[in-house]
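For the numbers below, each heavy atom of this structure counts, side chains included, while hydrogens, waters and symmetry mates do not. Remember, predicted model here, so these are calculated numbers, not experimental data.
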Amino acid sequence: MKYWLMKNEPDDFSIDDLEKVGIDHWDGIRNYQVRNFMRDEMSIGDPAFFYHSNCKVPGIYGLMEIVSEAYPDHTAWNPEEHYHDPRSTPESPVWLMVDVKFVRKLDNPVTLRELRTHPELTEMRILQRGNRLSVTPLCFEHWNFILGLAGREA
DNA sequence: GCCAACGTTGGC
DNA sequence: GCCAACGTTGGC
């Protein structure tokens, strides 16, 4: 089992939006490294953090579960879509997505600012300088430590 | 809105 | 295969 951190801009799709629909596909990935993570490393049942990026208070706001294998991202085929990519076709898809299920919102969201204050977490990928991957794996120790932070009294 | 950092593109 | 130019990400 692997643990994941998945970023999205809440203006586009937030943990609240996922809560409303229950399950949704995580589409729009247009980075080969992230695609390969989804294809090669993710498994059904893997837990994931929902991270809000590019917003007022960036941080981890909720928990999800991966509920599908990687499969073709059909939004790449649609010229109407923002993330349209003509190189990808139904016959030969380039981009993949997975389905994610809402688990719960965190009682105490763990902000990026707080993540940076804990020496235990300095190795986390998203805290590394210049990291831009929107989906990153994290080790159980980091996962568990963050859950501890989220469970504390505010 | 700014801008540093990174990935991608494409000419050569 | 190099690398400059460009586009995107995402914190601040």
>> Could you tell me if Ser14(A) and Asp17(A) have a donor-acceptor pair between their side chains, going purely by distance under 3.5 Å?
In response: yes
Does [X] put a side-chain nitrogen or oxygen below 4.0 Å from OP1 or OP2 of [N]?
{"X": "Arg129(A)", "N": "dA4(B)", "value": "no"}
{"X": "Tyr83(A)", "N": "dG7(C)", "value": "no"}
{"X": "Lys7(A)", "N": "dG10(C)", "value": "yes"}

>> Using side chain to side chain contact (heavy atoms under 4.5 Å, CB included), reason through Asp85(A) and Trp77(A) one step at a time and then give a plain yes or no.
In response: CA-CA 6 Å; Asp85(A) 183 347; Trp77(A) 310 329; over 6 Å; no
> Is atom CD of Glu81(A) surrounded by more than 12 heavy atoms (other residues, nucleotides or ligands) closer than 6.0 Å?
Replying inline: yes
> So does Lys105(A) pair up with Asp16(A), basic N to acidic O under 4.0 Å?
Replying inline: yes
> Taking NZ, NE, NH1 and NH2 as the nitrogens, is one of them in Asp24(A) or Lys101(A) under 4.0 Å from a carboxylate oxygen of the other?
Replying inline: no
> Which comes earlier along DNA chain B counting from the 5' end, the contact point of Asn54(A) or that of Asn131(A), where each point is its nearest nucleotide?
Replying inline: Asn54(A)
>> side chain to side chain contact (heavy atoms under 4.5 Å, CB included), that's the test. Do Leu133(A) and Asn31(A) meet it? Break it down for me.
In response: CA-CA 8 Å; Leu133(A) 296 179; Asn31(A) 172 287; 3.6 Å; yes
>> In dot-bracket form, 5' to 3', how is DNA chain B paired? Count Watson-Crick and G-U wobble pairs only if both distances fall under 3.5 Å, and write | where the partner sits on another strand.
In response: ||||||||||||
>> Any base atoms under 4.0 Å from Arg87(A), or only sugar-phosphate, or nothing? Heavy atoms, all strands.
In response: sugar-phosphate
